[in-house]
2 protein chains.
Amino acid sequence: MTYAIGEIAEKMNLSIHTLRYYDKEGLLLFVQRTENGRRVFSDRDIILLSTIECLKATGMPLKDIRQYVDWCVEGAETIPQRYELVKNQKKVLEDQMAQLQKMLNAINYKCEFYKQALETGSTELCESDRKEWAEKVVTGKF
Amino acid sequence: MTYAIGEIAEKMNLSIHTLRYYDKEGLLLFVQRTENGRRVFSDRDIILLSTIECLKATGMPLKDIRQYVDWCVEGAETIPQRYELVKNQKKVLEDQMAQLQKMLNAINYKCEFYKQALETGSTELCESDRKEWAEKVVTGKF
DNA sequence: ACTTGACCTCGAGTAAGCTTTAGGATTTAT
DNA sequence: ATAAATCCTAAAGCTTACTCGAGGTCAAGT
């Protein structure tokens, strides 16, 4: 099966503009063209696009994703590099999640405070923000 | 205790430029000035700055954080709004973490593949990228 | 007193990741 | 056969969040 850019845009939930932008940035090197220059996506392209979306969702910048795509296009001899990149991104992701978990704890603390403030009817500005709370946020000790 | 902008920059691990930028964007409404215009931060300011950093870490745009700060400055009558904002951000954060967890599963799958490819010595381009993998990424079913 | 360092404003510059516009060609449906 | 939909490139524009530089004021140490 092959697909036009519009179908891919819909399937991947990206705009056509964004796909063309990705192409310009070298992320769609593997996409074929018709004799009139229209892009033709294959099922394999959808698969690689999914990988791109996955890496993007972890916050990897497009130029790094481009490196991955380049390696994919180069072939099997770049598997060690790709393995390294993916392993590294796994670590990045785990760190991100740990950081978000801390922020979630902090937000939960805030939520609790505001809830109590509403129940008891307090009047001080930001009274929830006790010093040890700020310290926990700053030092990441939550 | 009061602090100059440089001390705050160091304590919060932000550049002086960034702090001044935040001020320009209305995030530091509460910071006092000397008669000569120098910013004077209090302990309470550090606490509110910590909250700002916390919201920022969850990806909230500065203009939304500004709304929160405005409410804080307005006083206790905005506690319901602040509670709503914080509750909502908690949900955003939980969704983010769920999404990242899916991506982590996908990345783990990739890692496994590349590991095996290295051990068994495979040669196909992106052969790990089987269709059902792409589908899982696209549909978020991981 | 005077030099050094920290602060100030304002305005311009940067980078990433799109988004829009203009102008044109090609498909597809009726 | 023709109108509408879809595609193309190239270039400009936009948003967010800084980051830097120029030109100047003020405070602290020697």
Side-chain angles (χ1 to χ4, degrees), chain A residues 1-42 45-46 49 51-70 89 92 96 99 103, chain B residues 1-42 45-46 49-69 89 92 96 99 103:
Chain A
M1 264 304 273
T2 64
Y3 313 87
I5 196 170
E7 297 173 278
I8 296 293
E10 187 166 6
K11 206 186 274 271
M12 302 299 296
N13 213 23
L14 294 167
S15 81
I16 289 179
H17 295 304
T18 301
L19 282 167
R20 288 205 271 250
Y21 168 68
Y22 286 177
D23 198 356
K24 206 173 65 185
E25 295 299 304
L27 268 66
L28 307 184
L29 287 175
F30 47 85
V31 174
Q32 302 299 307
R33 299 286 187 126
T34 67
E35 72 267 27
N36 291 309
R38 294 196 170 193
R39 292 174 186 83
V40 178
F41 293 76
S42 71
D45 293 347
I46 293 177
L49 254 178
T51 307
I52 289 171
E53 284 309 288
C54 178
L55 293 173
K56 217 179 55 171
T58 70
M60 185 182 283
L62 296 189
K63 66 172 174 21
D64 294 2
I65 297 177
R66 195 207 149 125
Q67 173 65 84
Y68 178 82
V69 170
D70 286 349
Q89 199 57 20
V92 167
Q96 262 178 47
Q99 168 70 3
M103 291 307 120
Chain B
M1 262 305 271
T2 63
Y3 312 87
I5 196 170
E7 297 172 278
I8 296 292
E10 186 165 8
K11 205 184 275 266
M12 303 298 298
N13 213 24
L14 293 167
S15 82
I16 289 179
H17 293 304
T18 300
L19 282 167
R20 287 206 271 250
Y21 168 69
Y22 286 178
D23 199 356
K24 207 172 61 184
E25 294 300 303
L27 268 68
L28 307 184
L29 287 175
F30 47 86
V31 174
Q32 302 298 307
R33 299 285 187 125
T34 67
E35 70 269 28
N36 291 308
R38 297 196 169 192
R39 292 174 187 84
V40 179
F41 293 76
S42 71
D45 294 347
I46 294 178
L49 254 177
S50 306
T51 308
I52 290 172
E53 285 308 289
C54 178
L55 293 173
K56 219 179 53 171
T58 69
M60 186 182 282
L62 296 188
K63 68 171 171 27
D64 295 2
I65 297 177
R66 195 208 149 125
Q67 173 66 84
Y68 178 83
V69 170
Q89 199 58 20
V92 166
Q96 263 178 47
Q99 167 71 1
M103 291 307 121

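Since we're looking at a predicted model, the values are computed, not measured.
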Heavy-atom side-chain contact between [X] and [Y] under 4.5 Å:
{"X": "B/L49", "Y": "B/L19", "value": "yes"}
{"X": "A/L28", "Y": "A/F41", "value": "yes"}
{"X": "B/R66", "Y": "B/L62", "value": "no"}

Which nucleotide in the list [options] gets nearest to the side chain of [X]?
{"X": "B/Y21", "options": "C/dC18, D/dT19, C/dT20", "result": "D/dT19"}
{"X": "A/S15", "options": "C/dT19, C/dT26, D/dC18", "result": "C/dT19"}
{"X": "B/I5", "options": "C/dC8, C/dT19, C/dC18", "result": "C/dC8"}
{"X": "B/A4", "options": "C/dC7, D/dT9, D/dC7", "result": "C/dC7"}
{"X": "B/K56", "options": "C/dT9, D/dT9, D/dC18", "result": "D/dC18"}
{"X": "A/I16", "options": "C/dT20, D/dC7, C/dC8", "result": "D/dC7"}
{"X": "A/T18", "options": "D/dA17, C/dC18, D/dC8", "result": "C/dC18"}

Practice task
Assign each of A/R38 and A/Y22 to its nearest nucleotide of DNA chain C by heavy atoms, then name whichever residue's nucleotide is nearer the 5' end.
Solution key: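 Its nearest nucleotide lies further toward 5', so the answer is A/Y22.
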Problem - Value rounded to 0.5 Å, distance of CD1 in B/I46 from CE in B/M12 - result: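 Here the interatomic distance stands at 7.5 Å.
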Practice task
Inspect the surroundings of CD in B/Q32 and state if more than 12 heavy atoms from other residues, nucleotides or ligands are less than 6.0 Å away.
Solution key: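 No.
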If I take atom [atom1] in residue [X] and atom [atom2] in nucleotide [N], what distance separates them, rounded to the nearest angstrom?
{"X": "A/F41", "N": "D/dC7", "atom1": "CZ", "atom2": "C1'", "answer": "12 Å"}
{"X": "A/H17", "N": "D/dC14", "atom1": "NE2", "atom2": "C1'", "answer": "14 Å"}
{"X": "B/L14", "N": "D/dC18", "atom1": "CG", "atom2": "P", "answer": "8 Å"}
{"X": "A/I65", "N": "C/dC18", "atom1": "CD1", "atom2": "C1'", "answer": "14 Å"}
{"X": "A/L55", "N": "C/dG17", "atom1": "CG", "atom2": "P", "answer": "13 Å"}
{"X": "A/R39", "N": "C/dT27", "atom1": "CZ", "atom2": "P", "answer": "15 Å"}
{"X": "B/Y3", "N": "D/dA27", "atom1": "OH", "atom2": "P", "answer": "21 Å"}
{"X": "A/D23", "N": "D/dA10", "atom1": "CG", "atom2": "C1'", "answer": "14 Å"}

Practice task
Could you pull out all residues at least two apart from B/D23 that satisfy salt bridge (Lys or Arg N to Asp or Glu O under 4.0 Å)?
Solution key: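 B/D23 satisfies salt bridge (Lys or Arg N to Asp or Glu O under 4.0 Å) with B/R33, B/R39 once adjacent residues are dropped.
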Handout entry: Under-4.0 Å side-chain N/O to phosphate OP1/OP2 contact, A/N36 with C/dT27
Key =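 Yes.
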Practice task
Establish, with yes or no, whether the OP1 or OP2 oxygen of D/dT16 is under 4.0 angstrom from a side-chain nitrogen or oxygen of B/R66.
Solution key: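 So the side chain of B/R66 is outside the cut-off, no N or O lying under 4.0 Å from OP1 or OP2 of D/dT16.
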Handout entry: Where B/S15 and B/A9 come nearest, the two heavy atoms and their spacing
Key =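 Closest heavy-atom pair between B/S15 and B/A9: C-CB, 4.1 Å.
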Practice task
Identify whether any heavy atom of A/R20 sits under 4.0 Å from a base atom; if not, whether one sits that close to sugar-phosphate; answer base, sugar-phosphate or nothing.
Solution key: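 Answer is base: heavy atoms of A/R20 come under 4.0 Å of a base.
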Could you list all N or O pairs between the protein and nucleotides 12-14 of chain C that sit under 3.5 Å apart?
none

